[in-house]
Enquirer: 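Below you will find the structure I want to go over with you.
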Amino acid sequence: MSVEEQIRDIVSRIAHIDKSIITRESTFKEMKADSLDVVQALVAVEEAFDIEIPDEEAQKFQNFGDFVSYVESQTAKKDEA
């Protein structure tokens, strides 16, 4: 399962939405995810991938694709270490 698929599963479970509607262009607002859903998703992804997502980085995410790209870059760095 790809990083994107894993994150899509986490977000759909937490925000109670069908994962088929989540695209890389989807915003959290379009997904009807409230701020608590977003925080819970961030924490769940941090735990799932054993990474940290600083608040200042998370605030830069404009859409689901930004979130996925950030996690992919952090997991790649971790794999290189």
Side-chain angles (χ1 to χ4, degrees):
M1 184 181 293
S2 72
V3 168
E4 183 172 346
E5 290 168 334
Q6 291 176 65
I7 297 171
R8 184 175 282 116
D9 284 348
I10 290 168
V11 171
S12 69
R13 179 175 41 83
I14 289 171
H16 306 287
I17 56 174
D18 188 328
K19 62 183 168 188
S20 67
I21 67 165
I22 303 172
T23 67
R24 288 186 76 94
E25 294 76 32
S26 298
T27 65
F28 291 105
K29 187 174 184 176
E30 290 169 345
M31 292 185 271
K32 306 281 191 261
D34 63 25
S35 57
L36 181 59
D37 291 335
V38 173
V39 170
Q40 288 177 325
L42 288 169
V43 170
V45 167
E46 286 177 329
E47 290 174 359
F49 293 95
D50 192 29
I51 61 171
E52 281 191 41
I53 304 171
D55 291 342
E56 51 279 358
E57 290 299 322
Q59 291 172 3
K60 295 178 188 175
F61 302 155
Q62 297 294 311
N63 54 36
F64 181 74
D66 291 346
F67 186 21
V68 171
S69 295
Y70 181 82
V71 175
E72 287 172 338
S73 72
Q74 294 306 301
T75 56
K77 286 180 189 175
K78 196 177 80 169
D79 291 343
E80 291 172 4

Enquirer: Within this structure, what is the CD-NZ distance for the pair Glu80 and Lys77, rounded to the nearest 0.5 Å?
Expert: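 Output value for this atom pair is 9.0 Å.
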Enquirer: Please check if the number of heavy atoms outside Lys78 that lie under 6.0 Å from its NZ is greater than 12.
Expert: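 Correct, the count exceeds 12.
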Enquirer: So, does Thr75 use its side chain to make a donor-acceptor pair with the main chain of Val71 at under 3.5 Å?
Expert: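 At least one qualifying donor-acceptor pair exists.
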Enquirer: Could you please spell out the steps behind the salt bridge (charged side-chain N to carboxylate O under 4.0 Å, His left out) verdict for Glu57 and Lys60?
Expert: CA-CA 5 Å; Glu57 290 299 322; Lys60 295 178 188 175; 3.3 Å; yes
Enquirer: Please determine whether the number of non-hydrogen atoms from other residues, nucleotides or ligands lying under 6.0 Å from atom CG of Asp18 exceeds 12.
Expert: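 Enclosed: over 12 neighbouring heavy atoms sit under 6.0 Å from CG of Asp18.
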Enquirer: Check the hydrophobic clustering (I, L, V, M, F, W, Y; side-chain heavy atoms under 4.5 Å; chains of links allowed) and say if Val68 and Ile21 are grouped together.
Expert: yes
Enquirer: Show the nearest heavy-atom pair for residues Glu30 and Glu25, with the distance to one decimal.
Expert: OE1-O, 3.8 Å
Enquirer: What's the spacing between Asp37 CG and His16 NE2 if we round to 0.5 Å?
Expert: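 Reported to 0.5 Å precision, the distance equals 6.5 Å.
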Enquirer: Closer than 3.5 angstrom, by distance alone: can the side chain of Glu46 be matched with the main-chain N or O of Ile53 as a donor-acceptor pair?
Expert: yes
Enquirer: Taking all non-hydrogen atoms of both residues, which atom of Met31 and which atom of Ile17 are closest, and how far apart?
Expert: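 Scanning both residues completely, I find the closest heavy atoms to be O-CG2, 3.5 Å.
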Enquirer: When rounded to the nearest 0.5 angstrom, what distance separates CG in Leu42 from CD1 in Ile7?
Expert: 10.0 Å
Enquirer: Side chains of Val45 and Tyr70: closer than 4.5 Å at any heavy-atom pair?
Expert: no
Enquirer: Measuring from atom CG of Asp34 to atom CZ of Phe28, what distance do you get when rounded to the nearest 0.5 angstrom?
Expert: 11.5 Å
Enquirer: Checking the side chain of Gln6 only, and the main-chain atoms of Met1 only, is there a donor and an acceptor separated by less than 3.5 Å?
Expert: yes
Enquirer: What pair of heavy atoms forms the shortest contact from Asp9 to Lys19, and how long is it?
Expert: OD1-NZ, 2.7 Å
Enquirer: If you measure from CD1 on Ile10 to CD on Glu5, what distance do you get to the nearest 0.5 Å?
Expert: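 With rounding to 0.5 Å, CD1 (Ile10) is 12.0 Å from CD (Glu5).
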Enquirer: Measuring from atom CD of Glu4 to atom CZ of Arg24, what distance do you get when rounded to the nearest 0.5 angstrom?
Expert: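 Going from CD on Glu4 over to CZ on Arg24, the span is 4.5 Å.
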Enquirer: So, Ser26 side chain and Thr23 main chain: donor-acceptor pair closer than 3.5 Å or not?
Expert: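 Checked: pair present.
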